[in-house]
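When a ligand or atom number is given, it counts from 1 through the structure's own listing order. Given the structure is predicted, the values throughout are model-derived calculations rather than measurements. The first residue in the sequence is number 1, and the count goes up from there.
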Amino acid sequence: MNNHQDNQERSSLHGQWSSRLTFILAVTGSAIGLGNIWKFPYIAGENGGGAFVLIYLVCIFIIGFPIMVSEIMLGRRGRRNPITSMKILGQEEQGNEAWKYVGLIGLMAGFIILSYYSVIAGWTLHYFKLSIFGELSNLDNETAQSIFGQLTASASTQLIYHTFFMLITIGIISKGIKDGLERSVKLMMPGLLLILIILLLYSVFQGDFMAGVNFLLIPDFSKVTPQSVLAAMGQAFFTLSLGMGCIVMYGAYLPKNESIIGTTTTIIFCDTMIALLAGMVIFPIVFQFGLKPTDGPGLIFLTLPLAFNEITGGYIFSGLFFILLAFAAITSALSLLEPSVAWMIENKSYSRTKSAFIIGLLIWSLGFLTIFSFNILSEFNFCEIRSCNDDWKGTLFDNFDHIASNIMLPLSGLLFTIFASWVMKRKHSMDELSDIPTSVYKLWRFSARYIAPIGVILVFLSAIGII
Ligand code: PHE
């Protein structure tokens with residue numbers, strides 16, 4: 001391949017999105033996932049509610065926005081998997097190939113995230129099964145706890161669902177952009193929204209809506225620590241799927257004439273609305289049933305079955321909810337798998353199906369560690385081997401999530417944005433953002449050059465106790 005060829009001539013090897021709408025749906029599908037519906041409410045719960053939400057929103061707008069624009073831009077100019085795109089662009093702009101390592105950190109983060117993401121998505125499949133077989137009826141608080149406890153204690157049950165979920169993801173990715181990715185997002189995203197609205201109505205009428213909304217929206221800054229600011233930033237990266245190359249990858253399939261700023265605005269708006277909506281569904285129910293918002297990763301699995309239990313035909317709603325949650329997880333998992341698969345197709349010349357199976361198998365195996373961290377390895381803790389701070393005290397699953405979301409994603413997101421705004425020539429970035437007024441371009445460049453990097457660095461420094 002001629003690395004110096006003009007960008008106009010470079011095109012993706014795997015096809016393009018058929019329309020602006022499918023690109024928006026695919027990126028929104030990547031962004032909206034377990035991060036919004038499962039993770040956001042429990043992290044907000046663990047970090048004091050409203051104050052966390054406020055910091056999270058600030059992170060989304062001043063850090064997430066410029067970085068997402070940068071990532072789409074890099075993908076569309078590189079038109080390859082994130083590693084190769086960064087290599088080509090680094091060569092073109094600076095004669096330096098080392099930028100490929102930024103893509104590599106991103107790909108590795110995606111690997112780790114998908115390994116545990118799939119296990120949690122498996123829980124939603126299990127709950128779907130329980131719902132439709134009526135095994136979630138007549139629940140009380142203790143039974144709900146024990147059902148969840150039984151699931152996490154059983155490595156084999158989790159393994160079955162984890163395998164099933166990985167197979168679905170691999171199957172869709174094997175079919176390629178148009179027949180696989182586009183088709184699935186077109187089906188799953190509208191359904192998810194519809195169900196969330198139905199659930200919101202339920203929560204307004206049946207839950208302690210005001211208590212939930214107050215918890216989510218009234219900030220109590222006494223609960224804010226440097227660690228919660230880091231968690232808010234990590235969550236902003238996680239929920240927008242930033243820093244792992246999946247946005248770079250999806251950008252590589254974006255036709256040249258589509259507006260990057262326009263699509264990013266829509267995507268970020270939808271993702272944020274869905275996270276807030278999920279919080280407004282879940283917290284009123286938590287308070288209504290005397291549960292604790294600090295229940296951690298089990299929060300939605302403990303609360304929602306209890307809520308649905310209260311209405312006739314509730315099992316239909318809960319079945320629907322859990323299957324749609326699984327859909328949201330699938331559309332995100334696709335974006336986690338695609339970059340490594342594209343890398344393998346482009347570099348090893350394997351077929352798409354073969355690449356998807358090989359990478360999928362590796363990620364599936366890594367998932368064992370997450371499964372075991374809820375049972376046989378639940379007592380295992382790095383801090384017993386060598387002394388470490390509180391960030392590392394949790395289970396292996398907690399460690400994976402911490403290292404990927406709070407460290408690797410912000411780090412590679414930071415480097416992507418530095419590349420787009422400092423290294424890439426002004427005329428190149430202007431060419432990618434040619435549809436917007438110069439003032440908006442300048443605003444992006446200023447945020448990408450200064451605000452986002454300084455924000456990320458300050459949060460890092462405060463989290464490790466330097467400031
Ligand atoms: N954004 C997804 C979610 O909120 C998760 C994800 C993270 C997907 C990183 C891709 C990359 O669930």
Show me the short polar-atom pairs for ligand 1: any N or O of it lying under 3.5 Å from a protein N or O, with distances only.
{"from": "ligand 1", "atom 1": "1 (N)", "to": "S30", "atom 2": "O", "distance (Å)": "3.1"}
{"from": "ligand 1", "atom 1": "1 (N)", "to": "A31", "atom 2": "O", "distance (Å)": "3.0"}
{"from": "ligand 1", "atom 1": "1 (N)", "to": "F238", "atom 2": "O", "distance (Å)": "2.8"}
{"from": "ligand 1", "atom 1": "1 (N)", "to": "T239", "atom 2": "O", "distance (Å)": "3.1"}
{"from": "ligand 1", "atom 1": "1 (N)", "to": "S241", "atom 2": "OG", "distance (Å)": "3.0"}
{"from": "ligand 1", "atom 1": "4 (O)", "to": "A31", "atom 2": "O", "distance (Å)": "2.8"}
{"from": "ligand 1", "atom 1": "4 (O)", "to": "G35", "atom 2": "N", "distance (Å)": "3.4"}
{"from": "ligand 1", "atom 1": "4 (O)", "to": "N36", "atom 2": "OD1", "distance (Å)": "3.3"}
{"from": "ligand 1", "atom 1": "12 (O)", "to": "L34", "atom 2": "N", "distance (Å)": "3.1"}
{"from": "ligand 1", "atom 1": "12 (O)", "to": "G35", "atom 2": "N", "distance (Å)": "2.7"}
{"from": "ligand 1", "atom 1": "12 (O)", "to": "Y117", "atom 2": "OH", "distance (Å)": "2.5"}

Under 30°, 30 to 60°, or over 60°: which ring-plane class applies to Y161 and H126, parallel, tilted or perpendicular? perpendicular
Residues in side chain to side chain donor-acceptor pair (under 3.5 Å) with S355, at least two apart? none
Suppose we call two aromatic rings close when their centres sit under 6.0 Å apart. Are W38 and Y117 close by that rule? no
Pairs involving residues 36-49, ordered by first then second residue, that meet salt bridge (charged side-chain N to carboxylate O under 4.0 Å, His left out) (sequence neighbours left out): K39-D401
Please name the residue in the list V119, I120, L377 that meets the side-chain contact (heavy atoms from CB on, under 4.5 Å) test with F397. I120
For S351, what residues pass the side chain to side chain donor-acceptor pair (under 3.5 Å) criterion, not counting sequence neighbours? none
